[in-house]
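Data first, discussion second: the structure below is written as structure tokens.
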Amino acid sequence: MASGFLILISFFTRIPIGRKVEFNEENFISSLNLYTLIGVVIGFLLAVTYLIFNNHISFLRGLVITVMYIVITGGIHLDGAADTADGLLSGRIGNKVFDIMSDSHIGAFGAITLILIILSQFVLFSFSNIETVFMMPLAGRASTIAACWNKKYAKNTKGMGTAFIENINNRVVLVNLIILFIFSMLSWYRTIIFTACFAAIAVSYFISTLIDDKIGGMTGDTCGAVAEISQIVFMITVLFLKG
């Protein structure tokens with residue numbers, strides 16, 4: 001499982017882990033129970049960034065944290081969100097949707113989606129406290145796990161996306177939600193954080209059902225879209241509840 005977690009870190013982030021890690025599907029699947037812990041690693045780095053820039057103008061802090069998040073993740077989820085927007089909003093059906101999502105060129109819907117997500121993160125990071133910044137990636141990864149529950153891989157081709165989506169069983173969901181719950185309860189504003197996590201997960205699962213109706217399942221790209229949307233929902237909910 002430890003080896004599998006390193007595979008998760010190497011694939012879903014750009015964090016150097018000191019040695020080359022080769023993909024092993026068995027280890028990868030066994031480590032899905034720890035997927036939300038990737039959010040802990042990302043959240044810690046974002047929290048450190050927050051502390052470094054805490055005495056600066058809030059918008060500067062928000063900008064730096066936004067950039068740091070993109071650097072840490074390599075923009076993998078942003079890329080998925082853009083591809084998902086281009087494909088699902090194209091008005092096409094069937095394999096045409098997948099062809100558009102696989103196209104290396106970004107379309108108008110993808111560009112608009114990227115702008116909206118990055119702008120939202122910048123504004124929300126500027127007004128969020130350190131607990132929200134830390135918990136955001138945890139909520140996003142737990143929401144992605146929940147969104148893939150009872151879903152199948154939509155494409156006919158097989159890959160890491162297949163191994164991820166089709167192995168999200170009840171145990172994986174439960175363990176990841178427990179991890180999210182534990183860190184939520186460690187928060188000073190635990191009730192607000194827990195409620196925001198619930199909102200993010202609920203919205204993510206609802207979106208995944210709409211995607212499932214459209215293309216017959218989930219893909220790596222749609223997982224990225226769910227992760228980004230759920231994180232925005234989480235931060236908005238926290239700010240709303242805090243007043």
Side-chain angles (χ1 to χ4, degrees), residues 11-13 32 35-36 38-39 66 69-70 73-124 136-137 139-168 172-173 176 196-237:
F11 184 79
F12 292 107
T13 75
L32 292 178
Y35 183 68
T36 299
I38 298 177
T66 301
Y69 174 73
I70 296 173
T73 61
I76 184 173
H77 301 308
L78 289 171
D79 180 66
D83 289 340
T84 298
D86 279 335
L88 296 184
L89 301 178
S90 65
R92 306 295 180 86
I93 59 175
N95 289 331
K96 286 290 186 180
V97 175
F98 299 131
D99 291 340
I100 294 172
M101 292 169 68
S102 300
D103 193 332
S104 59
H105 298 89
I106 187 171
F109 290 118
I112 293 171
T113 298
L114 280 180
I115 293 172
L116 290 175
I117 290 175
I118 295 175
L119 182 60
S120 297
Q121 289 178 345
F122 162 60
V123 173
L124 292 168
M136 181 212 75
R141 274 114 202 106
S143 295
T144 304
I145 290 290
C148 292
W149 182 54
N150 283 338
K151 304 294 190 307
K152 66 177 183 178
Y153 189 66
K155 295 182 180 179
N156 294 324
T157 57
K158 303 295 181 181
M160 188 177 289
T162 312
F164 183 91
I165 295 166
E166 296 193 347
N167 286 282
I168 305 299
V172 172
V173 173
N176 278 276
C197 287
F198 177 80
I201 291 171
V203 170
S204 296
Y205 191 77
F206 174 72
I207 292 173
S208 72
T209 59
L210 297 180
I211 294 173
D212 189 28
D213 290 339
K214 177 74 175 182
I215 61 176
M218 294 284 286
T219 69
D221 286 332
T222 61
C223 286
V226 164
E228 295 295 350
I229 293 172
S230 64
Q231 291 173 160
I232 291 173
V233 170
F234 169 79
M235 289 193 289
I236 289 176
T237 305

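Side-chain atoms of Ser204 come within 3.5 Å of backbone atoms of Ala200 as a donor-acceptor pair (strictly under, hydrogens ignored). A donor-acceptor contact shorter than 3.5 Å links the side chain of Asn176 to the backbone of Val172. Between the Glu166 side chain and the Tyr153 main chain, a donor and an acceptor come within less than 3.5 Å of each other. In terms of modelled atom types and a separation under 3.5 Å, the side chain of Ser230 and the main chain of Ala227 share a donor-acceptor contact.
Under the 30°/60° scheme for interplanar angles, the aromatic rings of Phe164 and Tyr35 are found to stand perpendicular.
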Inset, instruction - Go through the steps to decide whether Ile215 and Thr222 satisfy the test side-chain contact (heavy atoms from CB on, under 4.5 Å), and finish with yes or no. - result: CA-CA 10 Å; Ile215 61 176; Thr222 61; 4.1 Å; yes
Inset, instruction - Run the numbers on Leu88 and Leu210 for side-chain contact (heavy atoms from CB on, under 4.5 Å), then give the verdict. - result: CA-CA 10 Å; Leu88 296 184; Leu210 297 180; over 6 Å; no
Inset, instruction - I would like to know whether Ile229 and Ile207 meet side-chain contact (heavy atoms from CB on, under 4.5 Å); could you show each step before the answer? - result: CA-CA 9 Å; Ile229 293 172; Ile207 292 173; 3.6 Å; yes
Legend entry - Criterion side-chain contact (heavy atoms from CB on, under 4.5 Å) on Met218 and Asp212, from CA distance to verdict: CA-CA 6 Å; Met218 294 284 286; Asp212 189 28; 5.9 Å; no
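For the atom pair CD (Glu228) and CD1 (Ile76), the distance works out to 10.5 Å, reported to the nearest 0.5 Å. With values rounded to the nearest 0.5 angstrom, Asp99 atom CG is found 9.5 Å from Arg92 atom CZ. Summarising the geometry, atom SG belonging to Cys223 is positioned 8.0 Å from atom CD1 belonging to Ile168; distances are rounded to the nearest 0.5 Å. Distance check, rounded to the nearest 0.5 Å: CZ of Phe198 to OG1 of Thr237 gives 11.0 Å. From Ser120, atom OG reaches atom CD of Gln231 across 12.0 Å, with rounding to the nearest 0.5 Å. Here the straight-line distance linking atom CG of Asp79 with atom CG of Asp221 works out to 6.5 Å at 0.5 Å rounding.
The minimum heavy-atom distance between Leu32 and Ile145, with the atom names listed, is O-CD1, 4.3 Å. Minimum interatomic distance between Asp86 and Gly110 (heavy atoms only, all atoms of both residues): OD1-N, 2.7 Å. Residues Ile106 and Ala82 approach most closely at CD1-CB, 4.1 Å, considering heavy atoms. Taking each heavy atom of Gly216 and Lys152 in turn, the nearest pair found is O-CE, 3.1 Å. In terms of heavy-atom proximity, Ala146 sits nearest to Ile201 at CB-CG2, 3.7 Å. Taking every heavy atom of both residues into account, Val226 and Thr144 meet most closely at CG1-CA, 4.2 Å.
Lys151 and Ser208 are linked by a side-chain donor-acceptor pair at a separation below 3.5 angstrom, with hydrogens and angles left out of the test.
Heavy atoms of other residues, nucleotides or ligands lying less than 6.0 angstrom from NZ of Lys214 number more than 12. Within a 6.0 Å sphere centred on CG of Asn156, heavy atoms belonging to other residues, nucleotides or ligands number 12 at most. By the neighbour-count criterion of 12 heavy atoms within 6.0 Å, atom CZ of Phe109 is sparsely surrounded, having that number or fewer from other residues, nucleotides or ligands.
You'll find the side chain of Asn95 reaches within 4.5 Å of the side chain of Phe98, heavy atoms only.
Applying the side-chain contact (heavy atoms from CB on, under 4.5 Å) test between Ile118 and each of Val123, Thr66, Thr113 identifies Thr66 as the sole match.
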